[in-house]
Structures are given as C-alpha cells and as structure tokens.
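For reference, the structure discussed in these notes is given below.
As the structure is a computational prediction, the values presented were derived from the model and not from experiment.
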Amino acid sequence: MTFIIFALVVALAIFIVIYRSNEKTNVYKFVNKQVGSIYNKYAPYSFRVIREKVKELGQEYTTKQYLIQGVVFAAGSAIVTYLYFYNIVISIIYAAVSLLVIPFLTYLRCKRVYSEFIFEQIQVYTTNTIMEFGTTQAFVKAIEGVYESGVLEDPVKSDVKLMIDMAYENGTIDEAVKMFNQKYDFYIVKNMHQLFLQITNEGSRDSGESLENMSQDIDLLVEAVYRDRIDRAGFHKKFLQFGIVLYLMVMLVQFLLGVETYNEMLDNWIVQLLLHGIIWLNTYFILSGEKYYNEDVGAE
C-alpha cells in the first residue's frame with residue numbers, strides 16, 4: 001500500500017511540474033492539449049476519421065463534458081468501493097482505474113453515431129437513386145443525378161463519385177457496384193443494385209412495379225431500424241439502473257449482517273477477493289450492455 005501511495009504522489013508531482021512549465025495556459029486548456037496529443041498519437045486512423053465526422057455532425061462531447069464525465073465516474077467508483085471495503089486507498093485506486101473506461105465508451109458512442117449517420121445516408125442514396133432511375137432508366141445517369149443533387153454527404157458522396165468514375169473508366173458498372181456493395185454491406189444496397197443491373201442488362205418494358213416494391217422495402221426497413229433505436233434506448237436506461245442497483249447490493253448484505261460483522265469479515269482476504277470479483281464481474285456486465293447498445297445500429 002505504501003508503494004501505491006508513493007506512486008500516486010509521484011504521478012501528481014510530475015503533473016504539477018509539467019503544468020508549471022505550461023503556466024501560460026490555464027488548467028482547462030492544458031488538460032485539453034495533453035489529452036488531444038495522446039489521442040492523436042495512439043488512436044487508430046479509422047477511429048480518428050469517425051470521430052472527425054462525429055465532430056462535424058455536432059455530436060462530439062466538449063472537453064468540459066468529458067471532465068464532468070470523469071468526475072462522475074471517479075466519484076461514483078470511490079463511493080461504491082468505499083462502501084465495499086471501507087478503505088480510502090482502495091477507493092482512490094478504483095477511482096483512477098474507472099477513468100480508463102471513458103475512452104472505451106467514447107469509442108462505442110462515436111461508432112454508434114457514425115453508424116446511424118451512414119445508415120441515413122444509405123437510405124437517402126437508395127431512395128433517390130430509385131426515383132432517378134424511374135426517370136432515366138439508366139443506372140449511371142441515376143447515380144449521377146443523385147450525386148449532383150447535393151443530398152449526399154461524405155463518405156457516401158465520395159464513394160458514389162468513385163462509382164461514376166469507375167463506370168466511365170471501365171465501360172461497365174459491374175466493378176463499381178462490387179466496390180460499393182463491399183463497403184456498404186446492406187441488403188437494400190445489394191438488392192437495389194442487382195435489380196438495376198438486371199433491368200439494364202436484360203431490359204425491361206415495365207420496371208415501375210419492381211421499383212415501387214423496392215421503395216416499399218426500404219421504407220419498411222427504415223421503420224424497423226428506427227423502432228429498434230427506440231427500443232434500445234429504453235433498454236439502455238433500464239439496464240443502467242439495474243447495473244447501479246447491483247453495485248449497491250452490498251448495502252443490503254451489510255444491513256442483514258450488521259456493519260460490525262461485515263467489517264470483521266473484511267479482515268479475511270478471501271472475502272476481499274470475492275468482493276473485488278463482484279465489482280469486476282458487474283463492471284464487465286455493464287460494459288457488455290453498453291457494447292450491445294452502441295453496436296450494430298442500422299444493421300440488417
């Protein structure tokens with residue numbers, strides 16, 4: 001325990017020295033600068049692209065919001081673990097470790113926002129392409145019309161432009177369609193492309209009914225996805241409430257046994273190990289629920 005306290009003091013001293021060397025900036029800007037430099041150094045390129053898009057959409061947390069989140073996590077962890085062990089040092093350690101969860105939650109949240117954005121863009125792409133194809137009866141002309149209409153945003157807009165360029169370069173749309181299908185693995189995209197290729201290659205005197213059915217399929221899918229989002233949000237709220245209650249079950253144990261008896265049991269290392277296991281197992285349970293809530297949004 002002495003070593004842990006010494007390590008915490010050393011870490012605090014290092015922070016103070018570094019901060020004093022940057023005394024021209026305030027604490028808020030200093031923390032923001034340090035976190036940003038670490039993020040740019042170690043974050044995967046793909047996630048940096050996703051996060052930039054989330055910022056562009058105006059759904060990224062501010063530094064102040066992240067600081068509040070950190071304070072809430074640290075304070076909550078310290079209080080809960082103190083109720084488990086009645087040991088300030090253990091509470092401080094858990095408070096510090098809890099901050100490591102924030103980057104993981106940020107990663108999940110940004111991926112969810114980005115997935116929702118991509119699905120909405122795919123909805124716009126497919127719906128408008130069907131409408132354009134109904135007029136032009138030509139696949140490339142249809143996606144050109146969608147591209148030029150300005151309803152798409154990057155990265156989908158850039159990939160549609162790439163499809164057009166590949167079609168003119170190769171003299172066929174097949175390779176372009178294959179590229180787009182692989183990047184946006186939605187069945188509505190694959191089915192729509194397959195229908196257009198069939199109409200284009202084999203010819204069709206009356207494709208209106210097929211296009212109408214395809215449009216209805218897209219509407220049904222979009223309705224199902226948005227209903228799923230509402231259900232997920234409701235589940236997420238109840239799940240977090242349940243997780244917090246699980247953490248506080250130790251209060252019920254203390255009530256049944258008595259605080260004095262509980263404190264005597266804490267002298268047994270097996271009991272302490274069991275309590276640590278309960279905390280980590282419950283944390284894993286909550287993080288798994290967060291992962292489920294934030295992943296596969298808009299998936300089919």
Side-chain angles (χ1 to χ4, degrees), residues 43-57 59 110-226 228 295-300:
Y45 174 76
S46 59
F47 178 62
R48 274 183 275 173
V49 173
I50 290 174
R51 195 168 186 184
E52 284 301 317
K53 192 63 186 183
V54 173
K55 289 181 180 179
E56 183 182 322
L57 295 172
Q59 298 193 47
C110 288
K111 284 195 67 176
R112 174 176 57 81
V113 173
Y114 187 77
S115 296
E116 291 174 349
F117 166 75
I118 290 297
F119 180 80
E120 290 169 359
Q121 283 291 290
I122 289 300
Q123 173 198 350
V124 171
Y125 165 71
T126 52
T127 302
N128 283 271
T129 302
I130 289 173
M131 294 172 59
E132 290 285 341
F133 190 86
T135 302
T136 62
Q137 292 295 307
F139 191 5
V140 177
K141 292 296 182 182
I143 59 177
E144 279 184 328
V146 174
Y147 175 79
E148 293 171 359
S149 66
V151 295
L152 297 177
E153 298 181 37
D154 285 332
V156 177
K157 182 178 180 180
S158 296
D159 289 326
V160 170
K161 181 63 167 63
L162 180 59
M163 283 181 69
I164 297 170
D165 293 341
M166 289 177 65
Y168 283 116
E169 181 179 347
N170 299 332
T172 175
I173 194 66
D174 293 354
E175 287 299 320
V177 166
K178 183 178 180 182
M179 177 277 298
F180 199 90
N181 287 350
Q182 289 178 345
K183 190 164 186 179
Y184 302 100
D185 189 18
F186 297 89
Y187 84 78
I188 56 173
V189 173
K190 294 180 178 179
N191 288 358
M192 185 191 73
H193 287 166
Q194 183 61 36
L195 175 62
F196 289 162
L197 289 175
Q198 183 177 350
I199 294 174
T200 302
N201 295 333
E202 299 179 6
S204 175
R205 293 183 178 179
D206 185 13
S207 60
E209 183 176 353
S210 298
L211 295 176
E212 181 64 26
N213 291 336
M214 179 67 67
S215 182
Q216 290 178 1
D217 287 344
I218 294 172
D219 292 340
L220 290 174
L221 174 64
V222 171
E223 181 182 350
V225 168
Y226 280 103
D228 178 68
E295 287 190 339
D296 298 325
V297 178
E300 303 175 64

Item to check | Pair Leu197-Val177, side-chain contact (heavy atoms from CB on, under 4.5 Å): steps then yes or no | outcome: CA-CA 9 Å; Leu197 289 175; Val177 166; 4.2 Å; yes
Is there a donor-acceptor pair closer than 3.5 Å between any side-chain N or O of [X] and the backbone N or O of [Y]?
X: Ser158; Y: Asp154; answer: no
X: Thr126; Y: Gln123; answer: yes
X: Ser215; Y: Glu212; answer: no

For residues [X] and [Y], determine if any side-chain heavy atom of one lies less than 4.5 Å from a side-chain heavy atom of the other.
X: Leu221; Y: Val225; result: yes
X: Asp185; Y: Lys190; result: yes
X: Ile188; Y: Asp217; result: no
X: Ile218; Y: Ile130; result: yes
X: Phe133; Y: Met192; result: no

Checklist outcome for this item: Correct closest heavy-atom pair for Val189 and Asn181 would be CG1-OD1, 3.4 Å
Item to check | Taking every non-hydrogen atom, the tightest pair across Thr129 and Ala142 | outcome: O-CB, 3.9 Å
How long is the gap from [atom1] on [X] to [atom2] on [Y], to the nearest 0.5 Å?
X: Lys141; Y: Glu148; atom1: NZ; atom2: CD; result: 8.5 Å
X: Glu120; Y: Tyr226; atom1: CD; atom2: OH; result: 4.0 Å
X: Arg112; Y: Ile50; atom1: CZ; atom2: CD1; result: 13.0 Å
X: Leu57; Y: Cys110; atom1: CG; atom2: SG; result: 10.5 Å

Report all side-chain donor-acceptor pairs from residues 159-171 shorter than 3.5 Å, counting only partners two or more places apart or in another chain.
| unit_1 | atom_1 | unit_2 | atom_2 | d |
| --- | --- | --- | --- | --- |
| Asp159 | OD1 | Lys183 | NZ | 3.2 |
| Asp159 | OD2 | Lys183 | NZ | 3.0 |
| Asp159 | OD2 | Tyr184 | OH | 2.5 |
| Lys161 | NZ | Asp165 | OD1 | 2.9 |
| Lys161 | NZ | Asp165 | OD2 | 3.1 |
| Tyr168 | OH | Glu144 | OE1 | 3.4 |
| Tyr168 | OH | Glu144 | OE2 | 2.8 |
| Asn170 | ND2 | Met166 | O | 3.3 |

Checklist entry - What do the steps show when you test Phe117 against Val156 for side-chain contact (heavy atoms from CB on, under 4.5 Å), and what is the final call? => result CA-CA 10 Å; Phe117 166 75; Val156 177; 5.8 Å; no
Checklist entry - What orientation do Phe119 and Phe186 show, parallel under 30°, tilted 30 to 60°, or perpendicular over 60°? => result tilted
Item to check | Exceeds 12 heavy-atom contacts within 6.0 angstrom, atom NZ of Lys53 | outcome: yes
Next on the checklist: Walk me through whether Ile143 and Tyr125 qualify under side-chain contact (heavy atoms from CB on, under 4.5 Å).
Outcome noted: CA-CA 8 Å; Ile143 59 177; Tyr125 165 71; 3.7 Å; yes
Checklist entry - Of Glu116, Lys157, Glu153, which meets side-chain contact (heavy atoms from CB on, under 4.5 Å) against Gln121? => result Glu153
